[in-house]
Amino acid sequence: MTRLTGRALRVTIFIGETDLWHHKPVYTEIVHRARKAGLAGASVFRGIEGFGASSLIHTQRLLSLSEDLPVAVVIVDAEDKIRAFLPELDELVAEGLVILDDCEVIRYVGREKAK
């Protein structure tokens, strides 16, 4: 299990849920590549409303259902590991926003593996 405490770097990738990479959602490809790269973890969050560089508002409100809601993929790990992963994002994120934030990991504990 990966150990992670103290100073870390958080990368957040904002994309649309219909963005595709070889017929698969981009967010799925990011998560799978993050796992393959041995990063501590990745989570995908679906937004209920938002807009980006195009200024087009995407929303889940009943009267204006969008098929392309905003999605945020968040990954936290040591700075060197996150920076080594950035070229993967350059390849995958054609439209969207990628940001980096310094953070501090207080607790990172996984489940015990079943025997």
Side-chain angles (χ1 to χ4, degrees):
M1 180 170 92
T2 302
R3 296 281 182 213
L4 183 64
T5 57
R7 290 181 42 102
L9 200 60
R10 173 179 53 208
V11 59
T12 306
I13 306 104
F14 297 95
I15 53 178
E17 75 176 327
T18 61
D19 294 353
L20 298 176
W21 175 259
H22 297 278
H23 308 291
K24 291 190 327 191
V26 171
Y27 59 84
T28 296
E29 186 67 15
I30 292 170
V31 169
H32 286 260
R33 288 191 188 194
R35 185 169 187 256
K36 184 177 178 184
L39 297 178
S43 296
V44 179
F45 301 93
R46 185 176 190 228
I48 58 173
E49 189 166 24
F51 72 93
S54 68
S55 292
L56 179 63
I57 292 181
H58 302 272
T59 183
Q60 73 167 12
R61 284 182 280 143
L62 188 59
L63 297 176
S64 58
L65 285 177
S66 174
E67 295 178 1
D68 191 23
L69 291 170
V71 170
V73 183
V74 180
I75 304 169
V76 176
D77 208 321
E79 181 175 358
D80 59 332
K81 288 183 158 186
I82 293 292
R83 291 201 182 275
F85 189 70
L86 293 179
E88 300 278 350
L89 300 177
D90 285 339
E91 181 183 359
L92 295 171
V93 180
E95 296 178 359
L97 174 66
V98 178
I99 63 171
L100 294 172
D101 298 299
D102 290 320
C103 62
E104 183 178 357
V105 175
I106 304 300
R107 183 172 170 82
Y108 177 66
V109 180
R111 291 187 182 130
E112 293 282 333
K113 291 187 178 184
K115 294 183 182 182

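When a residue number appears, it is its place in the shown sequence, counting from 1.
- Using a 4.5 Å heavy-atom cutoff, the side chains of I30 and I75 are in contact.
- The structure places CG of D101 at 7.5 Å from CG of L9, a figure rounded to the nearest 0.5 Å.
- Under a hydrophobic-cluster definition in which Ile, Leu, Val, Met, Phe, Trp and Tyr are linked whenever side-chain heavy atoms come within less than 4.5 Å, directly or via other members, L92 and I15 are assigned to the same cluster.
- Using a 4.5 Å heavy-atom cutoff, the side chains of E79 and L100 are not in contact.
- Y27 and F14 are not part of a single hydrophobic cluster, where members link through side-chain heavy atoms under 4.5 Å apart.
- The shortest side-chain heavy-atom distance between L86 and L89 falls under the 4.5 Å cut-off.
- To the nearest 0.5 Å, atom CZ of residue R33 and atom CH2 of residue W21 are 5.5 Å apart.
- When all heavy atoms are compared, the tightest approach of L20 to P25 is CD2-N, 3.9 Å.
- Heavy atoms only, all atoms of each residue included: K81 and G38 are closest at NZ-O, 3.5 Å.
- Within the model, atoms CD1 of I82 and CG of L39 stand 5.0 Å from one another, a figure rounded to the nearest 0.5 Å.
- The shortest heavy-atom contact between V76 and C103 is CG1-SG, 3.8 Å.
- In this structure a side-chain-to-backbone donor-acceptor pair under 3.5 Å is present from D77 to A40.
- Remark: R107 CZ to T5 OG1 distance equals 12.0 Å, nearest 0.5 Å.
- Around the CD atom of E91, the shell of radius 6.0 Å holds more than 12 heavy atoms that belong to other residues, nucleotides or ligands.
- Using a cutoff of 4.0 Å between basic side-chain nitrogens and carboxylate oxygens, E88 and K36 are not scored as salt-bridged.
- The nearest pair of heavy atoms linking G41 to Y108 is N-OH, 4.3 Å.
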